[in-house]
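Data first, discussion second: the structure below is written as structure tokens.
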Amino acid sequence: MAGIHQGIDDSIVALATPNGVGAIAVIRISGLDAISIVNKVFKGKDLSKQATHTAHFGTIRDGAQVLDEVLVTIFKGPKSFTKENVVEISTHGSPYIARKVIQLLIRTGARHALPGEFTKRAFLNGQFDLAQAEAVADMILADSDASHQAAINQMRGGFSNEISELREKLIHFASMIELELDFGEEDVEFADRDDLKQLVDALKKVIGVLINSFDLGNVIKNGVPTVIAGKPNAGKSTLLNALLNEEKAIVSDIAGTTRDFIEDELNLGGVIFRFIDTAGLRETQDTIEAMGVERTQAKMKEAALILYLFDLVEDNITDILREVNKLENQGIPFLAIGNKIDLADEALVTQLEANAAFVLISAKKGLNLELLKDKVLEKANLGDLNTSGTIVTNIRHYENLFKTKEALEAVLIGLSNNVTGDFLAMDIRQSLHYLGEITGEITTDDLLANIFSKFCIGK
Amino acid sequence: MFPEYDIIVVGAGHAGCEAAHAAGKMGSKVLLITMNMNTIAQMSCNPAIGGVAKGQIVREIDALGGMTGIISDKSMIQFRMLNRSKGPAMWSPRSQNDRMRFAEEWRLTLERNQNVDFWQEMVKELIVENQQVVGVKTGMGLEIRAKSVVLTNGTFLNGLIHIGEKQFGGGRTGEAAAKGITEQLTELGFESGRMKTGTPPRVDARSLNFKKMEEQAGDIDPGKFSFSDTPKLTQQLSCYITYTNKDVHQTLEQGFEQSPMFAGRIKGLGPRYCPSIEDKINRFAERDRHQIFVEPEGRHTVEIYVNGFSTSLPENIQYKALRQIQGFEDVKMFRPGYAIEYDYFPPTQLKLTLETKNIQNLYFAGQINGTTGYEEAACQGLMAGINAHQKLNNKNEVILNRSDAYIGVLIDDLVNKGTEEPYRMFTSRAEFRILLRQDNADLRLTQLSYNLGLADKHALDLVQNKYKQVEYMINDIKQKKYTPDQINPTLETLNSSVIKEKAPLINLIKRPEVSLEKLKENNSNIQEYLNKYSQLETEQAEILIKYDHYIQKEKELAVKMENIDNIIIYQEFDYDKVKGISSESKEKLKRIQPQNLGQASRVSGVSPADISILMVYLGK
């Protein structure tokens, strides 16, 4: 079944400019229907009547709601990057708006591009030479390896269990319906339509919540809350700056400089992290600083992940292990980070290096930062995060959830119209297919195997 | 003694007969070799044709110019359209047939084919030169030359029959097994396997009490398989339904120790969907009864087929258990049920034309490919016959897509996925079930068959005329609107909500509780307006109107699949040069040698990411 739903000339959409806040964000859409899809949500000139290589001002609207004022540029195939029809929409830079626009385009008939897919199409349409093919192939591979596992892990917080449970039930129903279709002549029980409706309703509800978690822009607004904590002057702000690669936090050598929180987000391997730099944790007489410390402790409790920084110059092994023990008792996932490895006592470094739980870095010198990023991402992908609510962070998962919901709605319409099993089965298969895109594949063979193992059939 | 033939077909079952007939009709000189001319086109198991998914295949065979549909029509004793209460894609024709008449019709059909010669003997060896088959050697040592060979050996290759603890070689009860071919093919590099199937006992109708059973009559207005003008069935026979019970189960359990299946004497894997009665009792112990269908083997014979009671338990246990079934108290057995093991060749060794990848011009069709069922065998025989002829004449390969026909689904599944158990068609195997309906097989396939020189002009005219009329009818319907006065009384009769303002007829037809037939019955205006269209045309127009939404949706999906199917993988393509595909996928792809990207995507174990990467390497 692979590939049926992923055509080679359907229209694909994605953000063309780097993720994050910039002056403008450009959304690119490519495919046979690119122009007509954009035209459906664009208020301004009729894009279908415009010449190639022209730009048009107008608004993107989701129903009555104006999402943004935009500039739309049209490139008609084959005179475009991909040699297909291409539209580029320049929006006002906010990632939130850009995502809203992409979501809208997906609902209007585009599908989210896979990593490297624009390039791949350009290649397929003869825009590049073969040497570039391998790079594209690598991108495809890297993406597919990580994505299913990540999807399941990102959907923790009770939902993934619920989804797989409901999915199991849906498979069971699909089997029951196939059973009554292929073995209707035999002595078999039939799928109860009321039960099916209840199940589809329940599934739709859960999926609706997941879709909304994305819809609310949780990803942009919230990301994965990651608190950087530690004693004053352990180098928290320096680490944040090093991670973000820009001077955002106020950095000084005077302990206690950061009195409130500084937040910024970083996209690591497709997962958005909201890093929160906090005031250092120490007993203090300074009222303002004391308030900061108190709020730091509150923030830590809300965090999905804590990056706890130790100052390898100041702290000794006993202090460090005691602190780690305390963190463990808090029950919030954390990474223990030893900072200032470049200045630290060698004996201490050796001791900590032996302990796999520690990441040893120098924020200032930029040592082992990539390793740290990997560890952070690994935590996220292993589902070690402290998420009370589930957040859908990946727009492709959003897209699949959305299509699942559409298919489930078609099942409900079918049920209310009293259509026969063969038509119901068609929409159930579709919803299973899209759910499968998130959680893993399902094939016809699975349905048949389910039938043969559970029901006594065969003359 | 023999000329050089174009094609030798080995085996005269459902696959062999279709292969010989099609190739002969297309103009090839064919020799059909069978071990016994008196058992051509035997229905070795169930005396029935069609059923869910299988009935659709028979309609496709008929549209393609095969004979199974026509011969079934001529020999049927009962017809039912199954699944009438479900959507049109599920309607499935099924017939009970007179077993002797069926075989006779096939033999006479082949005898009328001037290009088909016959020879009765066992083939024990192929003649292979330079990786190409050039003929066969028979049991008597005769060498017969041919440009290609189609093997349709059914269950005969090293066939081994089990009844209780007894076992003996044989291809069917009372017929010898075929030896030699498996051994030779294995030596030539083919992989072979063992499969198992079974059949129930046959009993004497004179010893049954039908009053104690439920009658299952044929349709009041019986249909037929063929799109051509075969005669309509007039006098139908009934089948009967009865049930096993706890006593029957207990009796059967006494024989479990001697069961060749449970004792492990049978090594081959049997079909899960066609379990023996002992298997049903064993696996579903909670059920205290199982359905038994009592089916006549013919119009004039008293032989009865006990459907649902397939077994390989000792014959005395079979007899004792049968006698405990309601209506079977005085039963006399004609022949016991048995299980049979036979050799097959995993079909991943074939091309989509059913030619083997190893040996040129050698084709396999039917149970030798691991399938089960007359219909599955017949359609493979037909496709092998067509493709053998095409190749000899340097003409196009004929490969049906998954969105063209169940036959396309079947062959694509076999070649790409292989099969561990006897493969039977189910509608759920098809992605595009709504498109692959029994009613439109003619539209899907007749033109193709005509182009091949199989279907005649008359068949093509019939189809073209039918669908032209359907088009006119839909146009007529689209133009018609009714006022509340004109139509509300009719809607009320049909328990459908009334309209408040003028409404198009086409919208009313889309309502689930409304049908064109009922509208015509209850509204003289509609009747008058649409009366010029035949029943078949009306039915077709209604399907297209009512299910338009679903049909369109599936068509879109089918187009997407075809796009990927259109990306050809050229023969010299070197998978080893591709980075990023797992070595397991590579091995499979190298073995299957898919001809296009769509086919590659259906090879088991190949992931969507692999396909994306391949696409990049292949270019468009």
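Within every chain, numbering begins at 1; the chains are lettered A, B, ... in the order of the sequence lines, protein sequences first and strands thereafter.
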Flag yes if more than 12 heavy atoms outside K553(B) fall under 6.0 Å of its NZ atom; otherwise flag no.
-> yes
E556(B) portion near chain A, given a 4.5 angstrom heavy-atom threshold = neither
Heavy-atom proximity to chain A below 4.5 Å, by part of P200(B) = neither
Using 4.0 Å as the upper bound for N to carboxylate O, is an ion pair formed by R94(B) and E295(B)?
-> yes
Of the listed H549(B), E562(B), E554(B), the one with the largest count of heavy-atom pairs under 4.5 Å with chain A is E554(B)
Answer yes or no: are there more than 12 heavy-atom neighbours, outside E409(A) itself, under 6.0 Å from its atom CD?
-> yes
Is there a side-chain contact between I177(A) and L196(A), using heavy atoms and a 4.5 Å cut-off?
-> yes
Given a strict heavy-atom distance threshold of 4.5 Å, which part of S276(B) is in contact with chain A: side chain, backbone, both, or neither?
-> neither
